[in-house]
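Both ligands and their constituent atoms are indexed starting at 1 by order of listing. The model shown is predicted, which means the values in this text are computed figures rather than measured ones.
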Amino acid sequence: MTKFSRKRVMVTGGAGFLGSHLCERLLQEGCEVLCVDNYFTGTRENIITLLDNPHFEIIRHDVTFPLYVEVDEIYNLACPASPIHYQHDPVQTTKTSVHGAINMLGLAKRVGAKIFQASTSEVYGDPEMHPQREEYWGHVNPVGLRSCYDEGKRCAETLFFDYYRQHGVKIKVGRLFNTYGPRMHPDDGRVVSNFIMQALQNQPITIYGDGSQTRSFCYVDDLIRLFLLFMESDDDFTGPMNMGNPGEFSILELARQVVKLTGSQSEIVFKTLPTDDPKQRQPDITLAKTKLGWEPQIVLQDGLQETIRYFSALIAGNY
Ligand code: NAD
Ligand code: UDP
C-alpha cells in the first residue's frame with residue numbers, strides 16, 4: 001500500500017448480519033472493501049446500499065476453497081452463526097471454520113496481511129467459570145449437536161495461533177458474545193430476532209426451558225467499533241479477547257422487555273430446552289477495557305428499539 005492509496009480490506013461473510021455492518025463502517029473509514037460470501041445465510045439485501053460505492057466489491061466464493069487476492073487486512077467472519085443454520089449441514093460448518101481458517105491464514109501469510117478471526121463465546125461451551133475470562137479453557141461437548149460450531153471455532157483459534165507462532169502471521173482473535181441489531185436474519189431462530197418477530201406479529205413468545213438461562217447482549221454498533229480498535233492495536237496484542245456487553249439478562253427478562261417495547265399482545269409460552277444449551281453466559285471485558293479503552297455504550301432497551309424498528313419495516317415489506 002502506498003501513502004496515497006486506500007487500505008484494501010477483505011471481509012469474509014460480508015453479506016451477513018455482522019459482516020454487512022462491518023463493510024459499511026470500513027467504507028466510511030475510507031477503505032477499499034472486498035466482500036466475500038457464498039450467501040448461505042447472508043443476502044444481497046444486507047449490502048444493497050453499498051453496491052453503488054466504487055470502493056466496494058463482492059466475490060461470491062466459499063471460503064472452504066482457496067482464494068487468491070491482494071489485500072492488506074482480512075476480517076474472517078464467514079460461518080453460519082445461529083444454531084438452526086450451523087446445524088443444517090454440520091460437516092460444512094466445521095469445514096467452513098477449519099478449511100476456511102486454513103485458506104484465509106494461507107492468504108494472509110502469502111500477502112503479509114493482518115487477519116482477524118470472529119471466534120465465539122461458544123469456545124467456553126457450557127461454562128463452569130462465571131463471568132468468562134479469556135484464560136478459561138472451556139467446558140465443551142466434543143460430540144454434541146453444537147460441536148460442529150464450537151469445536152470448529154476452537155480449531156480455528158488453534159490454527160490462528162500456530163500460524164502466528166510458526167509463520168509470524170499478524171493475528172487478532174476476538175471471542176464474540178451474543179450480538180443483536182438490524183439485519184439479523186428474521187428466521188435464524190436466535191432469541192432476539194425470534195422474540196421480536198413473534199411479538200410484532202402477536203404470536204406466542206417461545207421460551208426454551210424455564211427462561212432462567214442468561215445471556216449478555218451486545219448491540220452491533222458497539223461490537224463493530226471494537227473490531228476496528230482491535231485491528232488497529234499493536235501487533236503483539238493478538239487476543240484471544242472477549243467482545244461483548246457484560247449486561248446479563250435472563251431469557252425471561254428479555255421476553256418481558258420485548259413484549260413491553262413492542263406493546264405486543266403476545267403470551268409467553270415455554271418449550272423444551274435444546275440439548276447443550278449453556279445455562280449462563282457473560283463476558284469479562286477487562287482486557288478490552290484496559291488494552292483498548294473500549295466499553296459498550298448502547299443499553300439493551302435502546303438497541304432493542306432500533307432492532308424492533310428494523311423488523312417492523314421488514315414485516316411491512318420496506319426492506
Ligand atoms: P451470519 O450468518 O449473518 O453471517 C455469516 C456470513 O457468512 C453469511 O453471510 C454467510 O452467507 C457467510 N458464509 C457462511 N459460510 C460461508 C462459506 N463457507 N464461505 C463464504 N461465506 C460463508 O452471522 P453473523 O451473526 O453475522 O456472524 C458472523 C461471524 O461472527 C460468524 O463467524 C459467527 O460465528 C461470529 N459470531 C457471531 C455472533 C453473533 O451473536 N452474531 C456471536 C459469536 C460469533
Ligand atoms: N431461546 C429461547 N427462545 C427462542 C430462541 C432462543 O428461549 O425462541 C433461548 C435459547 O434456548 C438460549 C438463548 O435463548 O438459551 C439464546 O439463544 P440463541 O440461539 O440466540 O443463542 P445461543 O444459544 O447461541 O447463545
Side-chain angles (χ1 to χ4, degrees), residues 11-23 35-44 46-47 59-65 67 75-87 89 92-97 99-101 103-104 116-123 126 146 149-150 152-153 156 174-181 183-185 188-198 203-218 220 223-224 227 242-244 249-252 254-255 258 268-281 283:
V11 180
T12 76
F17 160 48
L18 297 178
S20 62
H21 285 274
L22 178 61
C23 288
C35 166
V36 173
D37 206 296
N38 70 350
Y39 299 110
F40 174 52
T41 52
T43 63
R44 280 173 66 84
N46 282 343
I47 43 171
I59 303 180
R60 182 188 288 262
H61 177 79
D62 183 326
V63 295
T64 62
F65 296 95
L67 179 66
Y75 287 85
N76 188 36
L77 271 59
C79 187
S82 78
I84 289 183
H85 289 145
Y86 69 64
Q87 288 168 16
D89 184 348
Q92 173 68 10
T93 299
T94 304
K95 280 187 187 169
T96 295
S97 280
H99 292 195
N103 290 328
M104 294 310 113
F116 168 86
Q117 167 67 358
S119 190
T120 169
S121 53
E122 290 283 321
V123 300
D126 191 0
R146 294 174 89 107
Y149 184 72
D150 301 8
K153 290 282 189 180
R175 292 182 178 154
L176 285 54
F177 284 64
N178 298 56
T179 304
Y180 70 100
R183 296 193 215 127
M184 288 184 89
H185 200 295
D188 70 2
R190 276 189 274 189
V191 69
V192 173
S193 44
N194 259 17
F195 285 2
I196 294 178
M197 288 297 285
Q198 290 163 342
Q203 291 166 356
I205 308 270
T206 53
I207 290 190
Y208 304 154
D210 62 6
S212 62
Q213 72 271 36
T214 67
R215 293 292 186 274
S216 306
F217 301 101
C218 186
V220 59
L223 185 82
I224 300 297
F227 278 15
N242 288 339
M243 304 178 116
F249 298 86
S250 74
I251 295 304
L252 185 59
L254 177 74
V258 168
I268 291 178
V269 296
F270 295 87
K271 303 235 169 192
T272 315
L273 190 69
T275 49
D276 292 338
D277 197 282
K279 280 181 273 307
Q280 52 183 13
R281 200 185 276 150

Report task. Can you pull out the closest protein heavy atom to atom 43 (C) of ligand 1? Residue, atom name and distance to 0.1 Å, please. Result -> Leu176 O, 3.2 Å

Query raised in the report: Which atoms of ligand 1 have any heavy atom of Ser119 under 4.0 Å away?
Result: 44 (C)

Query raised in the report: Any donor and acceptor pair, going by atom type alone, linking the side chain of Asn103 with main-chain N or O of Leu67 inside 3.5 Å?
Result: no

**Report entry** The single option from Thr272, Asp277, Asp276 passing side-chain contact (heavy atoms from CB on, under 4.5 Å) against Pro274
**Finding:** Asp277

Report task. Please confirm whether the backbone N or O of Cys79 pairs with a side-chain atom of Thr93, one donor and one acceptor, at under 3.5 Å? Result -> no

Query - Heavy-atom nearest neighbour in the protein, as seen from atom 24 (O) of ligand 2, with distance rounded to 0.1 Å - result: Arg146 NH2, 3.0 Å

Query - ligand 2 atoms in contact with Ile207 (distance to a heavy atom under 4.0 Å) - result: 7 (O)

Requested in this report: Return a yes/no value for Thr41: is any of its N or O atoms, backbone included, closer than 3.5 angstrom to an N or O of ligand 1?
Outcome: yes

Requested in this report: Tell me which protein heavy atom sits closest to atom 21 (O) of ligand 2, plus the residue, atom name and distance to 0.1 Å.
Outcome: Asn178 ND2, 3.4 Å

Report task. Give the atoms of ligand 2, by number and element, whose distance to some non-hydrogen atom of Pro83 is under 4.0 Å. Result -> 19 (O)

Report summary line: Closest to atom 3 (O) of ligand 1 among protein heavy atoms sits Phe17 N, 2.9 Å

**Report entry** Polar proximity ligand 1 side, Phe40 side, N/O cut 3.5 Å exclusive
**Finding:** yes

Query raised in the report: For ligand 1, which atoms sit closer than 4.0 Å to a heavy atom of Lys153?
Result: 31 (C), 32 (O), 33 (C), 34 (O)

Query raised in the report: Any non-hydrogen atom of Ala15 lying under 4.0 Å from ligand 1?
Result: yes

Query raised in the report: Where is the nearest protein heavy atom to atom 13 (C) of ligand 2: which residue, which atom, and how far?
Result: Ile251 CD1, 3.7 Å

**Report entry** Residue Ala81 vicinity, atoms of ligand 1 by number, heavy atom under 4.0 Å
**Finding:** 2 (O), 23 (O), 24 (P), 25 (O), 27 (O), 33 (C)

Query raised in the report: Tell me: protein heavy atom nearest atom 5 (C) of ligand 1, and distance?
Result: Cys79 O, 3.2 Å

**Report entry** ligand 1 atoms in contact with Gly13 (distance to a heavy atom under 4.0 Å)
**Finding:** 6 (C), 7 (O), 9 (O), 12 (C)

Query - Within-shell test, Ser82 vs ligand 2, heavy atom, strictly < 4.0 Å - result: no

Report task. Examine ligand 1 and decide if any of its atoms is less than 4.0 Å from a heavy atom belonging to Tyr149. Result -> yes

Query raised in the report: Out of curiosity, Tyr75 OH to Ile224 CD1, how far, rounded to the nearest 0.5 Å?
Result: 9.0 Å

Query raised in the report: Does any N or O in the side chain of Lys153 come within less than 3.5 Å of the main-chain N or O of Ala118, such that one atom is a donor and the other an acceptor?
Result: yes

Query - For Glu122, the ligand 2 atoms whose distance to one of its heavy atoms is below 4.0 Å - result: 24 (O)

Requested in this report: May I ask you to check if ligand 1 and Thr120 share an N or O to N or O distance below 3.5 Å?
Outcome: no

Query raised in the report: N/O to N/O below 3.5 Å, does that happen between Val63 and ligand 1?
Result: yes

Requested in this report: Using distance alone, determine whether Pro80 and ligand 1 share an N or O pair under 3.5 Å.
Outcome: no

Report summary line: Note: ligand 1 atoms sitting under 4.0 Å from heavy atoms of Ala78 are 7 (O), 20 (C), 21 (N), 22 (C)

Query raised in the report: Can you list the ligand 1 atoms lying under 4.0 Å from a non-hydrogen atom of Asn178?
Result: 40 (O)

Query raised in the report: For ligand 1, which atoms, with element, lie under 4.0 Å from some heavy atom of Gly16?
Result: 3 (O), 4 (O), 8 (C), 9 (O)

Requested in this report: Distance to 0.1 Å, residue and atom name: give those for the protein heavy atom nearest to atom 18 (P) of ligand 2.
Outcome: Val191 N, 3.9 Å

Query raised in the report: Identify the closest protein heavy atom to atom 40 (O) of ligand 1: which residue and atom is it, and at what distance?
Result: Thr179 N, 2.8 Å

**Report entry** Options Asp37, Thr12, Leu67, ranked by nearest heavy atom to atom 11 (O) of ligand 1, top entry
**Finding:** Asp37

Query raised in the report: Taking 4.0 angstrom as the limit, do Arg44 and Asp37 come out as a salt bridge?
Result: no

Requested in this report: Considering the heavy atoms of His61, write down every atom of ligand 1 situated less than 4.0 Å from one of them.
Outcome: 19 (N), 20 (C)

Report summary line: of all protein heavy atoms, closest to atom 1 (N) of ligand 2 is Tyr208 CD1, 3.4 Å

Report summary line: atom 31 (C) of ligand 1: of Leu18, Val11, Leu77, the nearest heavy atom sits on Leu77

Report task. Could you tell me whether Tyr39 approaches ligand 1 through its side chain, its backbone, both or neither, with non-hydrogen atoms closer than 4.0 Å? Result -> backbone

**Report entry** Polar atom proximity, Ser121 to ligand 1 (N or O, under 3.5 Å)
**Finding:** no

Requested in this report: Report yes if Gly14 has an N/O atom closer than 3.5 Å to an N/O atom of ligand 1; otherwise report no.
Outcome: no

Requested in this report: Check whether any side-chain heavy atom of Thr96 lies under 4.5 Å from a side-chain heavy atom of Asn38, and answer yes or no.
Outcome: no

Query - Heavy atom of the protein closest to atom 15 (O) of ligand 2 (residue, atom name, distance) - result: Asp277 OD1, 2.6 Å

Query raised in the report: Can you check whether Gln213's main-chain N or O pairs, donor with acceptor, with Arg281's side chain at less than 3.5 Å?
Result: no

Query raised in the report: Phe116 vs Phe227 aromatic rings, parallel, tilted or perpendicular, using cut-offs 30° and 60°?
Result: tilted

Report task. Determine, step by step, whether Asn242 and Phe177 satisfy the side chain to side chain contact (heavy atoms under 4.5 Å, CB included) criterion, reporting the C-alpha distance in whole Å, the side-chain angles of both residues, the deciding distance to 0.1 Å, and the verdict. Result -> CA-CA 7 Å; Asn242 288 339; Phe177 284 64; 3.6 Å; yes

Query raised in the report: Is there a nitrogen or oxygen of Asn38 sitting under 3.5 Å from a nitrogen or oxygen of ligand 1?
Result: yes

Requested in this report: Considering heavy atoms of the protein only, find what lies nearest to atom 9 (C) of ligand 2 and give residue, atom and distance to 0.1 Å.
Outcome: Gln213 NE2, 3.9 Å

**Report entry** Geometric N/O contact Asn76 with ligand 1, under 3.5 angstrom
**Finding:** no

Query raised in the report: Does ligand 2 have any atom sitting under 4.0 Å from a heavy atom of Lys271?
Result: no

Query raised in the report: Is the shortest N/O to N/O distance between Val36 and ligand 1 below 3.5 Å?
Result: no

Query raised in the report: Heavy atoms only: which of Arg215, Gln92, His85, Arg190 is nearest to atom 25 (O) of ligand 1?
Result: Arg190

Report summary line: If you scan protein heavy atoms around atom 3 (N) of ligand 2, the nearest is Thr206 O, 2.6 Å

Requested in this report: May I ask you to identify the nearest protein heavy atom to atom 18 (N) of ligand 1, giving residue, atom name and distance to one decimal place in Å?
Outcome: Asp62 OD1, 2.9 Å

